[in-house]
Amino acid sequence: MTLNDHLTRGREFARTAGDHAADMFGPLITIGRGLRAHGRWTRNWWGNLPKDRRGPAVLLAIAVLAAVALLPYGPLLALLTLMGSAAWAGRDRSPAPEPAPDTSQLKLGAIYTALTPYLVHESDPSPMYSHGGDFKAAFNSWEFDGEGRLAALDLRYPAYFTDTEPHARARIEHVVHSKAGRSREYRFTWDEETNHLQVAALAPLPTDITAQPYVTANGEIVLGFTDTTSTNRMIPVRQGSGTAHQPPVLWRTGPRSSEPHLLALGTHGHGTSTLLRSLALQALPHGDIVVIDGAGTGEHACLVGRPGVHTVETSLHGALAALEWAVHETQRRLDAHNLAKRTGEAPPADTVRPLWLLLDHPAELSELAQAENRPDPQDLLEFPLRHGRTAHVTVVVADRLEALDRIKPTVRSATRARVVLGALDPDLAPEALGVPLDITPSSHTPAGRGYARLGTNPPVRIQVPAAPDPLDEETPADQRDAVIALLPHADSRTEAAAAPVLAKTPLDSTPPPIPASLDQDRPAPAAESPEERTGEITQPITTALPLL
């Protein structure tokens, strides 16, 4: 045992012995303190007594002591009386500490006072909110957690308050959130019929869920996880070192999806690229993907050369070539589906295999294309966005929240599934999500936290599972291993790739027609070689994408 351990044990022993001694000798200490008080009083009395009266006083004291000594049990009674008097005089007379103020009452009073200027009108004869009034007249019920923070509040407001105006609601929500505490998120439920507002604190979402295979149906993609009150479905997931059931945010893709395309926005460092990697890992087992990294940071380099990944582009030239191929591929799939319907046959297997177009930061490519006077990559998305549902083509666009005004209206109108990650200003919520947000954001937003809205459904909170770049040296080992385990290899595809369909293309045939807006500023086709002008070309459709 070290010297430090000996000293620690010695301090603990001394502290324990002192506590026991104080408990044992407490009465004696009190009596001793009382005897000292009697001694001080006697000394002061004797000092203040005139000298001519001191002799009679001494004789009187001696007579009293003699009388007490002659009485039966007199000395014992005198001793008990002295001890009782000393105990009474030596008691602890320090004033009792004032009770601490009730923090809940103070917080409720502060909320009531802060709401008064916004919920009172000068013409109201009996205002519900008044300066110096009692909050119990307006608050029906409230609840605080063990840490003294507001957990729930039910308040009433006057009927003349404009609760149908979004800016009026946002002002009240901002006031309540500021007074209740900015460290948590609060959901506000407005009941316009009865003039009630219910405020409920939301528990933090789990942040220790990594990318993994999910128990979902065909065509279902897990965007993240939300509150149990926002969905009636639970799926098993690996969380931390164990297994738990969490409520997912499911996005249904494919021909029967009501929201076939997704737009993800976020602030810097809050996980839009992580969301794209998570979607790619879920799409690769049953489909093919094309990745365009407009930022050129190499966030998706781990997908290069993987089975099912046609290309990962970081340059404007490669992005335009990949998107032009996606337009032709979409048209080819439409033609194949129309031909199958006319002939009554099943469409080719490669035309029903899902194709995903994942675009990260396309606004930067649009600015570069404008500077070089080249076609805008976002214009090339118009055809896949319009016909992607029928052609089994899904488009996912991810960009920064401040670049929302640089995203083309065509892209915004076609991407009805929305995800916003990071701190969201309530004023930007209608533009980013399509509707005002009824949840006040927290002052601290972890990576991957945000809000999701699918179609016309109300927005829900979302926590994107951790899927960091496995090539980043700062990535934790457990998260890197989880992502690497999901990356496809040559023999790891759960669904066998569609057999290449040999398409015989006549030499004089032209590519499938595409919108005229997409044909502008396109470089002229290269001259055909003599070998290409004779005979027929037979090539696999699945390898139609050029090497970019």
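Positions are given from 1, in the same order as the sequence printed here. Computed from heavy atoms alone, side chains included, the values below leave out hydrogens, waters and symmetry copies. Note that the structure is a prediction, hence the values are computed from the model and not measured.
If you take CZ on Arg374 and CG on Leu368, they are separated by 8.5 Å, rounding to the nearest 0.5 Å. Rounded to the nearest 0.5 angstrom, Glu185 CD and Tyr451 OH are separated by 4.0 Å. One finds the NE2 atom of His167 at 12.0 Å from the CZ atom of Arg169 (value rounded to the nearest 0.5 Å). To the nearest 0.5 angstrom, His268 atom NE2 is 9.5 Å from Glu402 atom CD. Gln463 CD to Thr445 OG1: the interatomic distance, rounded to the nearest 0.5 Å, is 10.0 Å. Separating the OG1 atom in Thr394 from the NE2 atom in His261 is a distance of 7.0 Å, to the nearest 0.5 Å.
In terms of the side-chain contact (heavy atoms from CB on, under 4.5 Å) criterion, Asp481 has no residue partners (sequence neighbours excluded). Scored by the side-chain contact (heavy atoms from CB on, under 4.5 Å) test, Ala414 finds Leu385 as partners (sequence neighbours excluded).
Closest approach of Ser273 and His361 over heavy atoms only: OG-CE1, 4.3 Å. Across all their heavy atoms, Leu381 and Pro384 have their closest contact at O-CD, 3.3 Å. Looking at every heavy atom in both residues, Glu192 comes nearest to Asn195 through O-OD1, 3.4 Å. Between Ala280 and Leu358, the shortest heavy-atom distance links the atoms CB-CD1, 3.7 Å. Heavy-atom minimum distance, Ser183 versus Arg149: OG-NH1, 3.8 Å. Gly448 approaches Leu421 most closely through the heavy-atom pair O-CD2, 3.8 Å.
Taking a 6.0 Å sphere around OH of Tyr160, one finds it holds more than 12 heavy atoms contributed by other residues, nucleotides or ligands. For CD of Gln370, the number of neighbouring non-hydrogen atoms (other residues, nucleotides, ligands) closer than 6.0 Å is 12 at most. Counting non-hydrogen atoms of neighbouring residues, nucleotides and ligands closer than 6.0 angstrom, the CG atom of Asp405 exceeds 12 such neighbours.
Remark: side-chain polar atoms of Ser257 are paired, donor with acceptor, to backbone N or O of Arg252 under 3.5 angstrom. Within the 3.5 Å criterion, the main-chain N or O of Ala467 finds a donor-acceptor partner in the side chain of Arg277. Of the possible donor and acceptor atoms, one in the side chain of Arg480 sits under 3.5 Å from a partner among the backbone N and O of Asp472. Side-chain N or O atoms of Arg406 include none that pairs as donor or acceptor with a backbone N or O of Pro362 at under 3.5 Å. Side-chain N or O atoms of Asn457 include one that pairs as donor or acceptor with a backbone N or O of Leu454 at under 3.5 Å. No donor-acceptor pair closer than 3.5 Å links the side chain of Glu259 to the backbone N or O of Arg453. Side chain of Asp469 to backbone of Leu471: a donor-acceptor contact under 3.5 angstrom is found. Formation of a donor-acceptor pair under 3.5 Å by the His310 side chain with backbone atoms of Leu355 is not found in this model. Using a distance-only test at 3.5 Å, with no hydrogens or angles considered, no donor-acceptor pair links the side chain of Lys179 to the main chain of Leu115. At least one donor-acceptor pair closer than 3.5 Å links the side chain of Arg418 to the backbone N or O of Ala432.
Between Gln378 and Ile407, the closest side-chain pair of non-hydrogen atoms falls below 4.5 Å. Within the 4.5 Å cutoff, no side-chain heavy atoms of Ser130 are placed close to those of Val120. Between Glu173 and Leu197, the closest side-chain pair of non-hydrogen atoms is not below 4.5 Å. The shortest distance between side-chain heavy atoms of Thr189 and Asp438 does not fall below 4.5 Å. Under the 4.5 Å side-chain criterion, counting only non-hydrogen atoms from C-beta, Val397 is in contact with Leu263. The shortest distance between side-chain heavy atoms of Leu320 and Pro377 falls below 4.5 Å. Using a 4.5 Å heavy-atom threshold, the side chains of Leu437 and Pro426 count as separate. Here the side chains of Tyr129 and Leu155 are in contact, with some heavy-atom distance below 4.5 Å.
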Step-by-step side chain to side chain contact (heavy atoms under 4.5 Å, CB included) determination, Leu150 to Ile111
CA-CA 11 Å; Leu150 183 66; Ile111 295 175; 4.0 Å; yes
Please lay out, stage by stage, how Leu119 and Met128 fare under the test side chain to side chain contact (heavy atoms under 4.5 Å, CB included).
CA-CA 8 Å; Leu119 298 177; Met128 186 182 304; over 6 Å; no
Test side chain to side chain contact (heavy atoms under 4.5 Å, CB included) on Asp145 and Arg184; report intermediate values, then the result.
CA-CA 13 Å; Asp145 58 12; Arg184 292 192 299 178; 3.4 Å; yes
What verdict does the side chain to side chain contact (heavy atoms under 4.5 Å, CB included) test give for Ile292 and Thr311, after you've listed the backbone C-alpha separation in whole Å, the side-chain angles of each residue and the deciding distance to 0.1 Å?
CA-CA 8 Å; Ile292 297 176; Thr311 184; over 6 Å; no
Between Asp379 and Lys408, is a salt bridge (charged side-chain N to carboxylate O under 4.0 Å, His left out) present by the stated rule, with each step listed?
CA-CA 8 Å; Asp379 292 336; Lys408 293 298 184 67; 3.1 Å; yes
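Checked for salt-bridge contact, Glu431 and Arg412 meet the test: a charged N lies under 4.0 Å from a carboxylate O.
In this model, a donor atom of one side chain and an acceptor atom of the other lie less than 3.5 Å apart for Ser178 and Arg182. Counted by atom type alone, Thr410 and Glu382 present zero donor-acceptor pairs between their side chains at under 3.5 Å. A donor-acceptor contact closer than 3.5 angstrom is absent between the side chains of His286 and Asn218. For Thr314 and Asp293, the side-chain atoms include no donor-acceptor pair closer than 3.5 Å.
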Review item, side-chain donor-acceptor pairs of residues 237-246, under 3.5 Å, at least two apart:
residue, atom, partner, partner atom, Å
Gln239, OE1, Gln246, NE2, 2.8
Gln239, NE2, Asp208, OD1, 3.1

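For the ring pair (Phe, Tyr, Trp, His ring centres under 6.0 Å) with Tyr157, the qualifying choice from Phe188, Tyr112, Trp190 is Trp190, the only one to do so. Residue Asp288 forms a salt bridge (Lys or Arg N to Asp or Glu O under 4.0 Å) with just one option from Arg306, Arg353, Arg333, and that option is Arg353.
Between Trp356 and Trp251, the angle of the ring planes goes over 60°, which puts this pair in the perpendicular group of the 30/60° scheme. Taking the six-membered ring for Trp and thresholds of 30 and 60 degrees, Phe135 and Phe139 have ring planes inclined between 30 and 60 degrees apart.
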